[in-house]
Amino acid sequence: MLYHRPRGVNDILPDEVGRWQQAEATFRELCRLYRYEEIRTPMFEETDLFVRAVGKDTDIVGKEMYTFKDRSGRSLTLRAEGTAPTVRAYLENNLQGQDRERLVKLYYIAPIFRYDRPQAGRYRQHHQCGAEAINSAEPEVDAEIIQLSMHFFRKLGIKDVTLLLNSVGCPGCRPDYVKALKSQIAPQFEQLCRECQRRYETNPLRLLDCKNEQCRQIMENAPVLRDMLCPDCAEHFAAVQQTLDTLEIPYTLDPTIVRGLDYYTKTAFEFVAPGIGAKDSIGGGGRYDGLIEQCGGPPTPAVGVGIGLERVLIAQQAATKAQPKAGREAVFVVTLGEEAWVAGLKLTAQLREAGVGAEIDYRKRSIRAQMRTADGDGYRWAVIIGDDEAQQGTITLREMDSGEQETIPRSELVSRLGAEEEEG
RNA sequence: GUGGACGUAGCUCAAUUGGCAGAGCACCUGACUGUGGCUCAGGUGGUUGUGGGUUCGAGUCCCAUCGUCCACCCCA
């Protein structure tokens with residue numbers, strides 16, 4: 001073999017593309033119901049957009065971006081994340097419009113690129129469907145984003161999705177917490193793993209979700225951010241929980257959910273599902289009240305979610321045992337001999353024009369072989385044209401499942417099948 | 001980025017101390033000369049991931065490389 005696909009990227013093959021289309025269609029339909037509008041942003045952006053939005057000291061920016069220079073020397077980066085491009089497009093195209101108070105609701109389905117060591121459910125190109133609700137500080141909007149996500153999982157038959165919920169505070173109260181956290185940990189600094197010693201300086205919040213056993217023991221005594229929120233953040237967090245209660249969406253409070261992107265404020269959440277493997281997170285998101293201002297826009301609160309399609313499909317496969325076989329459809333035109341072949345070609349064309357899927361055996365094999373194909377490839381009907389039919393201007397229409405067949409005038413076929421497709 | 005397991009037919013897997021690359025399923029053809037599914041018979045299919053090395057001889061041993069998977073890490 002001459003060429004290989006690059007490491008960590010996948011071909012989505014014909015026999016699995018149906019599941020993708022179904023998941024995408026489900027997300028689109030839900031976004032229509034929740035009144036989110038689709039936006040499509042470019043596959044790459046100025047590198048600085050991601051650096052500023054996601055944060056210099058995050059893993060995504062530090063070591064996972066696909067960054068390159070184009071021929072004019074500009075630094076560009078393949079979409080590393082969905083929110084920053086959406087926010088950029090929202091600002092650049094003035095999607096806010098004249099009504100300064102309007103809630104702008106956007107969604108996207110797009111590939112994401114991150115250079116990481118591949119594993120099952122972790123790829124260098126993966127796909128996310130995401131939703132962003134821009135220009136509302138209301139806690140009920142946080143809940144709507146979560147509600148939309150849970151609705152999506154439910155529609156796909158993924159049960160046992162757990163919603164992990166936390167609040168990471170705001171620029172007002174988080175520094176106080178970080179200060180308290182650092183002073184609490186300081187005496188045991190030497191006992192932290194090397195990575196955590198680095199985090200202590202660059203991104204102390206991430207100390208909370210280190211998996212190292214010794215670090216975890218030290219962290220057990222750490223103050224809980226949830227308890228140190230400023231009145232505004234505390235009130236917001238309580239209201240989010242209350243709205244979730246009202247909507248009967250169960251959740252688990254988890255102080256270790258801090259998210260790996262720096263722009264999050266207040267609400268942070270993650271969805272986990274069984275059956276994915278080591279990492280069972282199928283989606284996550286939160287509020288980012290500071291990001292839009294940071295990107296050069298007016299102060300604008302917002303909240304959003306990103307859902308990993310690859311992982312959703314894995315979870316769906318784990319949750320649903322047997323996947324339903326695709327129903328039979330379309331027509332296979334079986335011809336015998338030269339005269340029949342010409343008639344078959346014409347009929348095939350007519351069927352397609354009439355909106356009925358049709359295929360013909362260009363190899364002109366034996367009737368047996370053609371019938372085997374009609375059966376094996378899942379055709380609903382075989383249209384058989386042999387010597388008799390060719391001479392009489394008829395065809396024999398056979399329904400594969402029932403085995404029932406009748407010979408009818410050729411001219412009746414299209415209207416006959418067109419009608420049956422409608423009801424089928 | 002760290003540590004480990006594994007790459008043989010379309011799929012799932014065999015192949016003794018280094019000695020003729022195989023089976024099941026799938027696919028194709030025929031039995032059935034105008035009818036699919038069942039049965040039977042026959043058949044196609046491989047540069048053993050790739051490139052080197054050792055050897056009379058390598059799927060097997062050695063080195064490199066690419067890829068997949070697992071545990072870290074990280075994230076969706």
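Note on naming: letters A, B, ... go to the chains in the order of the sequence lines (proteins, then strands), and numbering restarts at 1 for each one.
Taking atom C1' in both B:C13 and B:A21, one finds a spacing of 14 Å when rounded to whole Å. For the P atom pair drawn from B:U68 and B:C25, the interatomic distance equals 32 Å after rounding to whole Å. Annotation: B:U47 and B:G51 have their C1' atoms spaced 12 Å apart (nearest Å). Rounded to a whole angstrom, the distance from the P atom of B:G37 to that of B:G10 is 25 Å.
The environment of A:Glu46 atom CD is sparse: at most 12 non-hydrogen atoms of other residues, nucleotides or ligands sit within 6.0 angstrom.
Nucleic acid contact class of A:Phe271 (heavy atoms, under 4.0 Å, all strands): none. Here A:Arg124 lies out of heavy-atom contact (under 4.0 Å) with every strand. Using a 4.0 Å heavy-atom cutoff across all strands shown, A:Leu261 reaches sugar-phosphate atoms only and no base atom. Across all strands, A:Asp59 comes closer than 4.0 Å only to sugar-phosphate atoms, never to a base (heavy-atom distances). Residue A:Ala369 is classed as a sugar-phosphate contact, given heavy-atom separations below 4.0 Å to backbone atoms only.
Of the residues near RNA chain B, A:Glu81 and A:Lys63, the one whose nearest nucleotide (by heavy atom distance) lies more toward the 5' end is A:Lys63.
Judged by ring centres under 5.5 Å apart and planes tilted less than 30 degrees, A:His126 stacks against the six-membered base ring of B:A76.
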| field | Pairing annotation in dot-bracket form, given for RNA chain B with Watson-Crick or G-U pairs under 3.5 Å and | for cross-strand partners | value | (((((((..((((.....[..)))).(((((.......))))).....(((((..]....))))))))))))....

N/O-N/O pairs, protein side and nucleotides 33-36 of chain B side, under 3.5 Å:
from	atom 1	to	atom 2	distance (Å)
B:G34	O6	A:Asp387	N	3.1
B:G34	O6	A:Asp388	N	2.6
B:G34	O6	A:Asp388	OD1	3.4
B:G34	O6	A:Asp388	OD2	3.2
B:G34	O6	A:Glu389	OE1	3.2
B:G34	N1	A:Glu389	OE1	2.6
B:G34	N1	A:Glu389	OE2	3.2
B:G34	N2	A:Glu389	OE2	2.6
B:U35	O2	A:Gln405	OE1	3.4
B:U35	N3	A:Gln405	OE1	3.1
B:U35	N3	A:Gln405	NE2	3.3
B:U35	O4	A:Gln405	NE2	3.0
B:G36	OP1	A:Arg368	NH1	3.2
B:G36	O2'	A:Asp375	OD2	3.0
B:G36	N7	A:Arg398	NH2	3.1
B:G36	O6	A:Arg398	NE	3.4
B:G36	O6	A:Arg398	NH2	2.7
B:G36	O6	A:Met400	O	3.2
B:G36	N1	A:Met400	O	2.3
B:G36	N2	A:Asp375	OD1	2.8
B:G36	N2	A:Met400	O	3.1
B:G36	N3	A:Asp375	OD1	3.3

